[in-house]
Amino acid sequence: MSANALSTSCCIVGAGPCGLMLGFLLGRAGVDVTVLEKHGDFLHDFRGDIIHPSTLEVIAELGLLEEFLELPHQKEEVITEQFGSREYTWVDYRHLPTRAKFLAMMPQWDFLDFLAKRGRKYPCFRLLMRTEGVGLLADGDRVAGARARTPEGPIEIGADLTVACDGRGSLIRACAGLVPKELGAPMDSLWFRMPKRANDPPKTTSRLEAGRSIILLDRGDYWQCAFLIVKGSIEEVQRAGLPALRRDIARLVPSFADRVEELADWSELNLLSTAVNRLERWYRPGLLCIGDAAHAMSPVLGVGVSLAVQDAVAAANILWRPLTMRNLRESDLRSVQRRRQFPIWATQQVQLTLHRSIDRLLHAEGPLEAPLPVRMLGRFPRLRRIPARLMGMGFRPEHVRTPEVEVAPGLAGRLPEAAQAASSGPQAIGG
């Protein structure tokens, strides 16, 4: 047996919300699953810290909601936006047909750590940290696993199914020769933190004026902020200088005037280049792409994490049985795409429509008036349930259909027998 090879039924590359949720659900259902994560922990910079009602409903269906909500978080039942000097409430989650009728604002590392700890109680679940998926194994025309890099050296993981959950810049997707169709986006965003004062209003919101916009996410003891800029204009913004940027931020959020000087260096701002794309085909024999690897979402509406989790739930519902029976077919992978491609397409269409409004905003001059739909939502409270349904649950919310295997005492955390067997035959490709 080779020391640098193992085998598993399902190898998931990437332990973000998509990969860990899929790994958790499959391991819970008795599927031998191995999740690869290139970092040594989850404490690196994430921006998708919004847990939507649809995700909270999945956690509730797993019987973990009460435990999950013991983690530090902020609740947002309504969402507001300020256009010029006027504020509008335009989303109200309090009427959703879910058990948790709010957004939970929670650092993503807490969410991921929660899933990882619960996954480890199942003997079929294995999470390999500091293990970066860098290529694929092939058995003829079929993908037969993944190649990975670890501090101890390279490793090969043979698998009936390899799932690319390694984000919008997916290396595994590229190794498989799958290229997404780019749909375009008019803006990028600069992310940074602002300290929170005791008298700050405790709510997530956004401020919009002609030519500039900022999103404020309440993180309890600080604000996570996204300052929108025209696509590709970062060099122009940097040439104007950090003092000019600080002045723009203070104009949008006057209460930040007493702390904006704390942005002392460009290294404290992170550029997020917005991309919207999707694969025409999410799979090939032995390989499936889901989450951002299959469809990069705009930060508009903040639904990227929610859709990634929904992809994972749908994939687990469809694939757990054929993976258990070791009779996975290409038609099973096609079924995952068919299940998820409409809600992805529909959400991206909404985002692209909103992009046109953002583009006009970023190039506008003079006083800014809220668009008619926002004014209508501000005036008629019942209408706010429509965007709440779209953002909070999506076009096709998924529900947990996978079973839970009974874990015998003393087995939690033990490696499945399949993990001890070396993979044989596959040939390395890509990477």
Side-chain angles (χ1 to χ4, degrees), residues 6-29 31-38 112 115-116 119 124-128 131-138 142-148 156-178 180 278-279 281-296 307-324 326 328-341 344 398 402 418 423 426 429-431:
L6 57 88
S7 67
T8 186
S9 293
C10 181
C11 177
I12 300 170
V13 181
C18 187
L20 265 184
M21 180 61 78
L22 177 59
F24 171 77
L25 291 171
L26 292 178
R28 176 178 177 270
V31 175
D32 174 24
V33 60
T34 301
V35 184
L36 312 182
E37 170 54 43
K38 66 180 180 180
L112 299 181
L115 289 177
C124 290
F125 174 90
R126 181 167 65 257
L127 173 61
L128 301 182
T131 305
E132 181 181 8
V134 295
L136 294 170
L137 303 174
R142 187 181 73 86
V143 173
R147 290 192 302 113
E156 295 183 355
I157 305 100
D160 295 335
L161 174 64
T162 302
V163 185
C165 297
D166 52 340
R168 62 182 57 198
S170 173
L171 179 59
I172 297 302
R173 178 186 66 198
C175 290
L178 299 175
R278 61 176 177 265
L279 291 173
R281 178 171 172 169
W282 298 17
Y283 61 92
R284 53 177 286 192
L287 175 74
L288 175 66
C289 299
I290 57 175
D292 281 357
H295 47 78
L307 289 170
V309 169
Q310 297 291 300
D311 281 3
V313 175
N317 289 343
I318 293 169
L319 300 176
W320 77 270
R321 194 181 300 275
L323 284 170
T324 301
R326 306 297 295 269
L328 182 72
R329 299 168 297 179
E330 190 173 348
S331 59
D332 298 316
L333 307 181
R334 187 182 306 117
S335 294
V336 176
Q337 177 175 345
R338 286 179 174 173
R339 173 72 187 176
R340 295 301 304 156
Q341 64 184 1
I344 298 305
E398 304 290 346
T402 50
S423 61
I429 60 174

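Quick caveat, the model's predicted, so the values are computed rather than measured.
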Looking at every non-hydrogen atom in both residues, tell me the closest pair between [X] and [Y] and how far apart they are.
X: L288; Y: Y283; value: CD1-CB, 4.2 Å
X: V13; Y: A146; value: CG2-CB, 4.3 Å
X: W282; Y: Q337; value: N-OE1, 2.9 Å
X: L279; Y: P180; value: CD2-N, 3.5 Å
X: F125; Y: F24; value: CE1-N, 3.8 Å
X: L36; Y: A148; value: CD1-CB, 4.1 Å

Short question: side chain of [X], backbone of [Y] - any donor-acceptor pair under 3.5 Å?
X: R339; Y: A315; result: no
X: R142; Y: G286; result: no
X: D166; Y: I172; result: yes
X: Q310; Y: E398; result: yes
X: R278; Y: I344; result: no
X: R28; Y: T402; result: yes

Would you say that [X] contacts [Y] through its side chain, given a criterion of any heavy-atom pair below 4.5 Å between the two side chains?
X: L319; Y: L333; value: yes
X: L112; Y: E37; value: no
X: S170; Y: D292; value: no
X: R334; Y: S331; value: yes
X: D32; Y: R126; value: yes
X: L137; Y: R147; value: yes
X: I290; Y: R340; value: no

Could you grab the distance from atom [atom1] of [X] to atom [atom2] of [Y], nearest 0.5 Å is fine?
X: L128; Y: T8; atom1: CG; atom2: OG1; value: 9.0 Å
X: D160; Y: R326; atom1: CG; atom2: CZ; value: 4.0 Å
X: L20; Y: I12; atom1: CG; atom2: CD1; value: 8.0 Å
X: L161; Y: D332; atom1: CG; atom2: CG; value: 9.5 Å
X: L22; Y: L115; atom1: CG; atom2: CG; value: 11.5 Å

Please name the residue in the list C10, P322, S9 that meets the side chain to side chain contact (heavy atoms under 4.5 Å, CB included) test with L328.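 One option only clears the test, and that one is P322.
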
Surrounding CZ of R168 (heavy atoms of other residues, nucleotides or ligands, distance under 6.0 Å), is the total greater than 12?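 Correct, the count exceeds 12.
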
Please report the C-alpha distance between L323 and V33 in whole Å, then the side-chain angles of each, then the deciding distance to 0.1 Å, and finally whether the side chain to side chain contact (heavy atoms under 4.5 Å, CB included) criterion is met. CA-CA 10 Å; L323 284 170; V33 60; over 6 Å; no

